[in-house]
Amino acid sequence: TRKWTEVEQLEKELADQTVLVRARIHNTRGKGKSAFLVLRQRTATVQAIMFADETTVSKGMVKYATQIPKESIVDVEGIVKVPEKSIDGCSQKDVELQVTGIRAVSRAAVLPFELVDAARSEEEVKAAAERGEVMPTVGQDLRLDNRFLDLRTPANQAIFKVQSAVCQLFKTTLLAEGFQEIHTPKLIAGASEGGAAVFRLDYMGVPACLAQSPQLYKQMAICADFNRVFEIGPVFRAEFSYTHRHLCEFMGLDLEMAIHEHYFEVLDVIEKLFGAIFNGLATTYAKELAVIASQYPFEIPTFKPLRLTFPEGIAMLKEGGYPDVDPMGDLNTELERALGRMVKEKYGTDFFILHRYPSAVRPFYTMPCSDDPAYSNSYDVFIRGEEIISGAQRVHDPELLTTRAIECGIPLPEIQSYIDSFKYGAPPHGGAGVGLERVVMLYCGLNNIRKTSMFPRDPKRLTP
Ligand code: 4AD
């Protein structure tokens, strides 16, 4: 077999060597007997030149090449040359390919939009409009309808590298902390987070649901002496919220652990975990972050471990211009963002934990505070004032759990085996659920969760 070369490996050191490259036609310019092509392989680009001098290539070959549609996949054989001037606009600036042969492997149909249009930032388009220029761009829906194309843009390639990195850092950090990876069922008998937002389905003639979280099963794993567990898996929510931060299917990064004395043991793990994620992204993925920022400008978020109690948060909001905030109610998006801004100003961090929420606004399985059951051993975690995590110490007493489930209107038969799992000795434990798409969206300061979901599912979208 012949030796294939990756576009990103095309450097000066290969000068005068013949290489074989499989890439896409990113751009073509032909004039007379010559043609200039830009070849793209993922995010790497290189210029390829053709001259019809009848020794290297024929006139017919040049014509054939210029007629291959953009985005087609081609096999190109060529000689690596070092041009006099470096080539602007290509990632491989110091070399070009002198084409000796080209063949279309897979031809692209007419594109629904130009990839450069899809890659234009809203800021760029706005700035151009202010200068009186019209710069075409495509709306998010058209991009998502053709997501397989939209994903080819440099920013999207980088976003999903970052997404992969977050999962990797989540895994390696927790494994080092003594956690074990588990996989829990997604087809389950009853709702795991309350009945409203659940997808119901028929399971061999009996009613069933898609799991709204691994909540009940990760806790049963703790009862089964797994001690510290995590899971990366899909989470389904039949929520009719058509917002910038809700999906009907998202990736849950869940963790659950036995604790000795205090739910702060879980907060210690969360801080260590996000310290590692923030640091790992900023150092190892600086290139990807810069590519994302060139399409969607943002500043790298700052990380400091910071814990505020819910009452402290309420006090900050009251002083900061929200005197009517309900001290025992949940925080809406506007209040969370306002608190995020105040925290940033006062403590200089884009990351913080709010803990000791009122019991009334938390799920039935949440442990009430021992000193005041109106509050609970629970927490939310924020990046740039938006929630990325919620978690708590759990009730591990089956009687209290039964009472709480009845109070919250949960049908007991659906969760009987969950309650039973606490009957035979259950360690005190707590955990958290992280939304992967939200972490990437908020870390990168993006304005919509659909940008960080490869094929988003929302109330209006089930394809592609
Ligand atoms: O706040 P949630 O619903 O909490 C749970 O699922 C608990 N079982 C977690 C626990 O361990 N106690 O979801 C957890 C996280 C949220 O903080 C948010 O980041 C994300 O999941 N999330 C969503 N992401 C996208 N679309 C949605 N509809 C989401 N709902 C929650």
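Every number for a ligand or one of its atoms is a count from 1 in the order of the listing.
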Candidate with minimal heavy-atom separation from atom 13 (O) of ligand 1, of Arg245, Glu386, Arg237, Arg362: Arg237
Pick from Ser390, Gly430, Gly431: the one approaching atom 4 (O) of ligand 1 most closely through a non-hydrogen atom: Ser390
Starting from [atom], find the nearest protein heavy-atom neighbour and note its residue, name and distance.
| atom | answer |
| --- | --- |
| atom 5 (C) of ligand 1 | Glu193 OE2, 3.6 Å |
| atom 16 (C) of ligand 1 | Glu387 OE2, 3.1 Å |
| atom 15 (C) of ligand 1 | Gly433 O, 3.5 Å |
| atom 26 (N) of ligand 1 | Leu247 N, 2.9 Å |
| atom 19 (O) of ligand 1 | Ile388 O, 2.8 Å |
| atom 21 (O) of ligand 1 | Phe250 CE1, 3.3 Å |

4.0 Å heavy-atom contact, Glu256 with ligand 1: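 The answer is no, since Glu256 has no heavy atom less than 4.0 Å from ligand 1.
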Test item, Arg438 contacting ligand 1 (heavy atom, 4.0 angstrom):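 It does; at least one heavy atom falls under 4.0 Å.
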Close-contact set for ligand 1 against [X] heavy atoms, below 4.0 Å:
| X | result |
| --- | --- |
| Ala432 | 10 (C), 11 (O) |
| Ser213 | 6 (O), 8 (N) |
| Glu239 | 28 (N) |
| Tyr365 | 7 (C), 8 (N), 12 (N) |
| Gln215 | 7 (C), 8 (N), 9 (C), 10 (C), 11 (O), 12 (N) |

Report the relative orientation of the aromatic rings in [X] and [Y]; use parallel for angles under 30°, tilted for 30 to 60°, perpendicular for over 60°.
| X | Y | answer |
| --- | --- | --- |
| His429 | Phe422 | parallel |
| Phe278 | Phe303 | tilted |
| Phe382 | Phe352 | parallel |

Are more than 12 heavy atoms from other residues, nucleotides or ligands located less than 6.0 Å from atom [atom1] of [X]?
| X | atom1 | answer |
| --- | --- | --- |
| Glu133 | CD | yes |
| Asp225 | CG | no |
| Lys346 | NZ | no |
| Glu312 | CD | yes |
| Phe240 | CZ | no |

Least distance between heavy atoms, Arg450 atom then Asp458 atom: NE-OD2, 2.7 Å
Ring center gap for Tyr357 and Tyr375 short of 6.0 angstrom: no
Glu231 versus Thr184, side-chain donor and acceptor atoms under 3.5 Å: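 Yes, a side-chain donor-acceptor pair sits under 3.5 Å.
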Distance-only donor-acceptor check, side chains Ser213 and Glu193, under 3.5 Å: yes
Ligand 1-proximal atoms of Lys218, by part, heavy-atom distance under 4.0 Å: side chain
Side chain, backbone, both or neither: Arg394 near ligand 1, heavy atoms under 4.0 Å: side chain
For [X], is at least one N or O under 3.5 Å away from an N or O on ligand 1?
| X | result |
| --- | --- |
| Val434 | no |
| Ile449 | no |
| His246 | no |
| Ile389 | yes |
| Gln212 | no |

Verdict with reasoning, Asp141 to Arg461, per salt bridge (Lys or Arg N to Asp or Glu O under 4.0 Å): CA-CA 10 Å; Asp141 276 326; Arg461 182 174 292 280; 3.3 Å; yes
